[in-house]
There are 2 protein chains.
Amino acid sequence: MAGTYRKTPQYCGDCPVRQNALFRPISLEHIQTVAKHRLGQREVPASTHLYRQGEDAAEAFTLFDGWVMLYRAVSDGRRQIVRFALPGDFLRFQPDLYGPVNHSAQTLTPATLCVFPRQNLLEMFRQNPELAMQMAWITSRDETIAHEHITSLGRRSARERIALLFLELHHRLTSRGLADDPPGLALPLKQEHIADAVGITTIHANRTLRSLREDALAVFSGGRLQLLDRPALVELTGFHPDTFTPRPLL
Amino acid sequence: MAGTYRKTPQYCGDCPVRQNALFRPISLEHIQTVAKHRLGQREVPASTHLYRQGEDAAEAFTLFDGWVMLYRAVSDGRRQIVRFALPGDFLRFQPDLYGPVNHSAQTLTPATLCVFPRQNLLEMFRQNPELAMQMAWITSRDETIAHEHITSLGRRSARERIALLFLELHHRLTSRGLADDPPGLALPLKQEHIADAVGITTIHANRTLRSLREDALAVFSGGRLQLLDRPALVELTGFHPDTFTPRPLL
DNA sequence: CGACCTCTTGAGTGAGCTCAAAAACAGTGG
DNA sequence: CCACTGTTTTTGAGCTCACTCAAGAGGTCG
């Protein structure tokens, strides 16, 4: 298990809310609104289900630290990972806040979360409309990423999909200053996760990873990713970071 | 070309904004705010590009009438349809309102749109925070639909994907009261569109449609869809309408 | 009537799947 | 420190779903 998945969050001071992606460009007044409504912080170990598909979950979360995967189960027992949530991401915001969740969320590493009871969430938005705009912005960014995934799954080969996933995660991590120094990048994933994210078999993911390795494009091993030939990967996938670049709405 | 794609929108009175999905559950005050900021209504013929991938589009739209497809082009000339927009949907809301669009939008039928200059959009949200919440709600619903597509593309067979697309469109249309009476349902699509939406070849879409027809599950022909055996289709896909049901956030 | 779509069908190929099993790698308890 | 167990990775062999190439049928429009 190479890689430290659990760096001490450098942005976690007295009020860890402050530096979160949702609330970054926001004034002190907003922070106070938020602080009032959050239920508190919660630490959970790896492999914990935060909620499951179909449940009437009572809470929404901001992820401070750690990785979470959001996935949907298909009837025959297979699953599709729809999103990897990274520190700063928001979980369980959905059209019908009072209805059943349409996906499951499980931690991939130990994680630190900020918990919001759903009622507070609405109250919070009412009191502080700027937050609602921020939420619209975040959700819109997530939708954009989802569209990128749709394109990938619908129109790219296994090799291209994995390459794109690597570039995307690399970009999302580095643009948030979450990448660590040593050669490569810590991704707390099994080959199985990669397979479930890009819609192929674990076995085929293995073969595809080998081919990427043999072509000296990228090496993923022991939870560490090294992009050996970034230009070639970009060329292969047509990756354009703008898609994932968070810019302020305002 | 069977099917009337262009029913007179029964919700279009003096202020067609009123009944739109975005603004449905909203008070008169809000409607006035909106009316002040919209640029006006626009009618465009079928096959019109509203905007293209990469452009710095200056406008966002509410779709009053007609169908629009949102798609992304991949390097080798293939394309992936990421969303079919139906009357009531919102177009071109994205994280970076001032940046380039990450997809293209083309009408499938003649369409009526309400145009918002992007600056007005932000101004509008500031003046009327409830609208920002509505936007968050809409975007979140679109994201949910996107997740369903991801699951479909990643983990389902061609047959299941097409069946699911049919059930989804059927549900989205009927739940908005947009389905017309005669046997079946008017879908202004070519087989090519179905193929580009579910991530297969046009030729394979044709074969799959034939197989659905031969098994008396669904018939799609001449722009008309008939769900012959809905229970079997639901069984096949595990379709659960909740996913697409719009319920108010408030 | 010819030009152009869209739909349809056939034949052969290939990317990705299934089944099966071995090898590498923890973690556990003695 | 080592045997034991369960998980993850790796490799092989054969199959299938979906793709490519090619061509014909049907419909629409100037």
Side-chain angles (χ1 to χ4, degrees), chain A residues 1-3 5 45-47 69 74 76-81 106 108-109 152-165 186-215 218-225 236, chain B residues 1-3 45-47 69 74 76-81 106 108-109 152-165 187-215 218-225 236:
Chain A
M1 266 305 123
Y5 305 133
S47 293
M69 66 169 177
V74 185
D76 59 344
R78 313 181 72 181
R79 76 175 172 194
Q80 174 67 43
I81 295 177
Q106 187 177 17
L108 291 168
T109 67
S152 199
L153 289 164
R155 290 298 179 217
R156 289 190 223 268
S157 67
R159 165 179 262 253
E160 294 166 332
R161 292 183 211 176
I162 291 184
L164 192 59
L165 176 67
L187 307 183
L189 305 174
K190 313 283 181 198
Q191 291 185 358
E192 190 189 347
H193 296 124
I194 295 177
D196 283 342
V198 304
I200 61 178
T201 309
T202 305
I203 297 179
H204 195 55
N206 179 286
R207 287 191 234 270
T208 308
L209 285 171
R210 167 161 54 119
S211 112
L212 286 173
R213 191 189 329 130
E214 285 172 355
D215 295 350
V219 178
F220 175 73
S221 169
R224 283 219 147 262
L225 169 68
L236 175 65
Chain B
M1 270 301 127
S47 291
M69 64 168 178
V74 184
D76 58 344
R78 313 181 73 182
R79 77 175 172 192
Q80 174 66 42
I81 295 177
Q106 188 176 17
L108 291 167
T109 66
S152 197
L153 289 165
R155 290 298 179 215
R156 289 189 223 268
S157 67
R159 165 180 262 255
E160 293 167 332
R161 292 184 212 175
I162 291 184
L164 193 58
L165 176 67
L187 307 183
L189 306 174
K190 312 282 181 201
Q191 292 185 356
E192 189 190 348
H193 297 123
I194 295 176
D196 284 342
V198 304
I200 61 178
T201 310
T202 305
I203 296 178
H204 195 55
N206 179 287
R207 286 192 235 271
T208 308
L209 285 171
R210 169 161 54 119
S211 111
L212 286 173
R213 192 188 328 129
E214 285 171 355
D215 295 348
V219 178
F220 175 72
S221 170
R224 284 221 146 257
L225 169 67
L236 175 66

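Letters A, B, ... mirror the listed sequences (proteins, then strands); counts begin at 1. Model, not experiment: these values are computed from the prediction. Quick note: numbers below take in every heavy atom, side chains included, and nothing from hydrogens, waters or symmetry partners.
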_Any residue of residues 202-213 of chain A with a heavy atom less than 4.0 Å from an atom of DNA chain C_ = A/Ile203, A/His204, A/Arg207

*Output the residues of residues 191-200 of chain A in contact with DNA chain C, where contact means a heavy atom of the residue under 4.0 Å from an atom of the strand; sort by number or write none.*
A/Gly199, A/Ile200

If I take atom [atom1] in residue [X] and atom [atom2] in nucleotide [N], what distance separates them, rounded to the nearest angstrom?
X: B/Phe220; N: C/dT8; atom1: CZ; atom2: P; answer: 10 Å
X: A/Lys190; N: D/dT9; atom1: NZ; atom2: C1'; answer: 11 Å
X: A/Arg78; N: C/dC17; atom1: CZ; atom2: C1'; answer: 8 Å

*Counting N and O atoms only, with roles assigned by atom type, does the side chain of B/Arg155 sit under 3.5 Å from a partner on the main chain of A/Gln80, one being a donor and the other an acceptor?*
no

_Side chain A/Arg161, main chain A/Arg156, donor-acceptor under 3.5 Å_ = yes

*How many angstroms lie between atom CZ of B/Arg207 and atom CZ of B/Arg159, to the nearest 0.5 angstrom?*
15.0 Å

*Taking atom CE of B/Met69 and atom CG of B/Leu108, what is their separation to the nearest 0.5 Å?*
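Separation between the atoms: 5.5 Å.
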
*asked:* Can you confirm whether B/Leu189 sits close enough to B/Phe220 that some side-chain heavy atom of one is under 4.5 Å from a side-chain heavy atom of the other?
replied: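 Of all side-chain heavy-atom pairs linking B/Phe220 with B/Leu189, at least one is under 4.5 Å.
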
*Given side chains that start at C-beta, do those of A/Ile194 and A/Thr208 come closer than 4.5 Å, heavy atoms only?*
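Of all side-chain heavy-atom pairs linking A/Thr208 with A/Ile194, none is under 4.5 Å.
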
*Shortest non-hydrogen contact from B/Leu164 to B/Ser152?*
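Where B/Leu164 meets B/Ser152 most closely, the heavy atoms are CD2-OG, 3.6 Å.
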
*Which heavy atom of A/Val198 sits nearest a heavy atom of A/Leu153, and at what distance?*
O-CD2, 3.1 Å

_Can you tell me if A/Ser157 touches the phosphate of C/dG16, counting only side-chain N or O atoms and a distance under 4.0 Å to OP1 or OP2?_
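No.
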
*Does B/Thr201 put a side-chain nitrogen or oxygen below 4.0 Å from OP1 or OP2 of D/dC19?*
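For B/Thr201, the contact criterion (side-chain N or O under 4.0 Å from OP1 or OP2 of D/dC19) is met.
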
